[in-house]
Asks: 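A single structure is presented below for examination.
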2 protein chains.
Amino acid sequence: MRTNKLWGAALLCGVAVTFVGARSQPETPALPQEARIKLTVPTVDYRTKWVSLGSFSLLSDEPDKGAKQLHVVYTQPESVEAYLKTGTFPDGTVLIKDVYGTKTEDLTTGRSSYADTLIGRFVMVKDKSNKRASVSPLWGDGWGWAFYEGAETQKTVTTDYRGDCLSCHEPARNQGLVYTQGYPILRSARQ
Amino acid sequence: MRTNKLWGAALLCGVAVTFVGARSQPETPALPQEARIKLTVPTVDYRTKWVSLGSFSLLSDEPDKGAKQLHVVYTQPESVEAYLKTGTFPDGTVLIKDVYGTKTEDLTTGRSSYADTLIGRFVMVKDKSNKRASVSPLWGDGWGWAFYEGAETQKTVTTDYRGDCLSCHEPARNQGLVYTQGYPILRSARQ
């Protein structure tokens, strides 16, 4: 079964992706409840309690219109601390990417785009040992991967990270599959 | 004395501004040390300890090149809580706007711009009663105002907020002189 509900994820990847369906997936059935919960949008108010790593501004297909999306990425404070010491994200790190549609205005600074409607959220959970990879197609290559549309926090539309997510992250493989170049606070705690 | 060191602030305002000079200013001489310190870049690691309110993406003069700057704004967690209850920033709120030059790459999502070099920081400190306005030209209209170039945290290049800052914020007067439309977390604690 194919679905057209997955335009958000497809749009974000910018590549052809194939989805089996939008049904809710048993994500990590062999793992304890705590681990399964971790690959949903966290219940903690991460926008005020966690750390914003950085933002990506995605240019409109009509460039004069400014940015068509803003992507804002968050993680736990302890993951930032660990990264600054070790250069890698520790096991259990959760990356949440808020994907916003924008509004663009001509402000006194110039043509400015800012976050408007939440399109959805990508969630990645670090699994260094790949121990979850054998129990769910949402886990592999050292991470769990899932996209949640709009305000949804529990039911992912992702069915297999290889088709739905990985191709977009391959260019960042030598950075642990994460676009860390957009995260200034990982370069230095203080500038 | 005029200086050409102030291109950062002038560029950001996008309007003609006049500066007296770049010398260090006695900011609030009649106030206790604590108050003077507050109109510098805070010593706290605000990027990991405070809350990121939102980002503005500023389009390049050659739009095909993506965003030329990203502005990322932070404040104290307690100011966010108060704003969500009252709709205004409480006295003592500090707004810090990191102004970054960008790098732009064609990523799998499309043409994406992200923070690169820190150009400087704007600091605003809420002074509801305007009690500081009589002691320094950096205070007035309910705020303290200062810009710090590059990695500088102590010596502002701002000499008078009316000429250096206010004209850029006038369009937001009915929002307390702040561009709150770019701050999604102030619309709702949870979306």
Side-chain angles (χ1 to χ4, degrees), chain A residues 11-15 45 47-49 51-52 54-72 74 77 80-81 98 100 102-105 107-118 150-151 153 167-172 179 181-185 189-191, chain B residues 11-15 45 47-49 51-52 54-72 74 77 80-81 98 100 102-105 107-118 150-151 153 167-172 179 181-185 189-191:
Chain A
L11 178 68
L12 290 160
C13 287
V15 297
D45 185 12
R47 293 172 186 148
T48 61
K49 306 298 185 195
V51 176
S52 174
S55 303
F56 290 89
S57 163
L58 184 56
L59 187 62
S60 171
D61 302 331
E62 300 171 76
D64 278 345
K65 293 188 175 176
K68 66 179 175 184
Q69 290 181 1
L70 274 176
H71 299 178
V72 188
Y74 298 85
V80 175
E81 286 176 34
D98 283 351
Y100 286 103
T102 62
K103 278 192 176 172
T104 297
E105 288 184 63
L107 301 179
T108 48
T109 45
R111 189 154 294 179
S112 297
S113 303
Y114 52 86
D116 184 31
T117 305
L118 185 70
T153 61
S167 56
C168 288
H169 286 253
E170 276 295 354
Y179 290 91
Q181 66 264 51
Y183 305 154
I185 67 168
R190 190 88 182 143
Q191 186 181 34
Chain B
L11 177 69
L12 290 159
C13 285
V15 298
D45 185 12
R47 293 171 186 150
T48 61
K49 306 297 184 194
V51 176
S52 173
S55 303
F56 290 89
S57 163
L58 185 55
L59 187 62
S60 171
D61 302 331
E62 299 171 75
D64 277 344
K65 294 188 175 177
K68 64 179 176 185
Q69 290 181 0
L70 275 177
H71 299 178
V72 188
Y74 298 86
V80 174
E81 286 176 34
D98 282 351
Y100 285 105
T102 61
K103 277 192 177 171
T104 297
E105 288 185 62
L107 301 178
T108 47
T109 45
R111 188 154 292 179
S112 298
S113 303
Y114 52 86
D116 183 31
T117 305
L118 185 70
T153 61
S167 56
C168 287
H169 286 253
E170 276 295 354
Y179 289 93
Q181 67 264 50
Y183 305 154
I185 66 169
R190 189 87 183 144
Q191 185 182 34

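Any value given below was found using the heavy atoms of this structure, including those in side chains, with hydrogens, waters and symmetry copies removed.
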Asks: What part of B:A115 is in contact with chain A, defined as an atom under 4.5 angstrom from a non-hydrogen atom: side chain, backbone, both or neither?
Replies: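 Backbone plus side chain of B:A115, per the 4.5 Å heavy-atom cut-off to chain A.
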
Asks: Report the C-alpha separation of B:T108 and A:E170 in whole Å, then their side-chain angles, then the decisive distance to 0.1 Å, and conclude whether the side chain to side chain contact (heavy atoms under 4.5 Å, CB included) test is met.
Replies: CA-CA 9 Å; B:T108 47; A:E170 276 295 354; over 6 Å; no

Asks: For A:D61, give me all partners under salt bridge (charged side-chain N to carboxylate O under 4.0 Å, His left out), at least two apart in sequence or on another chain.
Replies: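 In terms of salt bridge (charged side-chain N to carboxylate O under 4.0 Å, His left out), with neighbours along the sequence ignored, A:D61 is linked to A:K68.
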
Asks: Would you name the heavy atoms of A:P63 and B:D64 that are closest together and state the gap between them?
Replies: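 Taking A:P63 first and B:D64 second, the nearest heavy atoms are CG-OD1, 3.2 Å.
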
Asks: Let me see the working for A:L59 and B:L59 under side chain to side chain contact (heavy atoms under 4.5 Å, CB included), right down to the final yes or no.
Replies: CA-CA 9 Å; A:L59 187 62; B:L59 187 62; 3.8 Å; yes

Asks: Search all heavy atoms of A:L58 against all heavy atoms of B:S112 and return the closest pair with its distance.
Replies: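 Nearest pair, atom of A:L58 first, then B:S112: CD1-OG, 3.6 Å.
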
Asks: Return the OG to CZ distance between B:S113 and A:F56, rounded to the nearest 0.5 Å.
Replies: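 Result: 10.0 Å between the selected atoms.
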
Asks: With a 4.5 angstrom heavy-atom cut-off, could you sort out which part of A:Y179 is near chain B: side chain, backbone, both or neither?
Replies: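 Side chain of A:Y179 only, per the 4.5 Å heavy-atom cut-off to chain B.
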
Asks: What are the two closest heavy atoms between A:H71 and B:T109, and how far apart are they?
Replies: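 Heavy atoms only, the tightest pair is CE1-CG2, 4.1 Å.
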
Asks: Hey, what do you get for CD1 (A:I185) to CG (B:D45), rounding to the nearest 0.5 Å?
Replies: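 So the gap between those two atoms works out to 7.5 Å.
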
Asks: Looking at A:P171, A:A172, A:G182, A:P77, which makes the most heavy-atom pairs under 4.5 Å with chain B?
Replies: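 Of the options given, most contacts go to A:G182.
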
Asks: Using non-hydrogen atoms only, which part of B:Q181 is less than 4.5 Å away from chain A: side chain, backbone, both, or neither?
Replies: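 When you check distances to chain A, atoms from both the backbone and side chain of B:Q181 fall under 4.5 Å.
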
Asks: What are the two closest heavy atoms between B:T48 and A:V51, and how far apart are they?
Replies: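 Of all heavy-atom pairs spanning B:T48 and A:V51, the closest is O-CG2, 3.5 Å.
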
Asks: Testing A:S55, A:S52, A:S57 one by one against B:S55 for a side-chain hydrogen bond (donor to acceptor under 3.5 Å, both in side chains), which residue passes?
Replies: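 Of all the options given, the one that passes is A:S55.
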
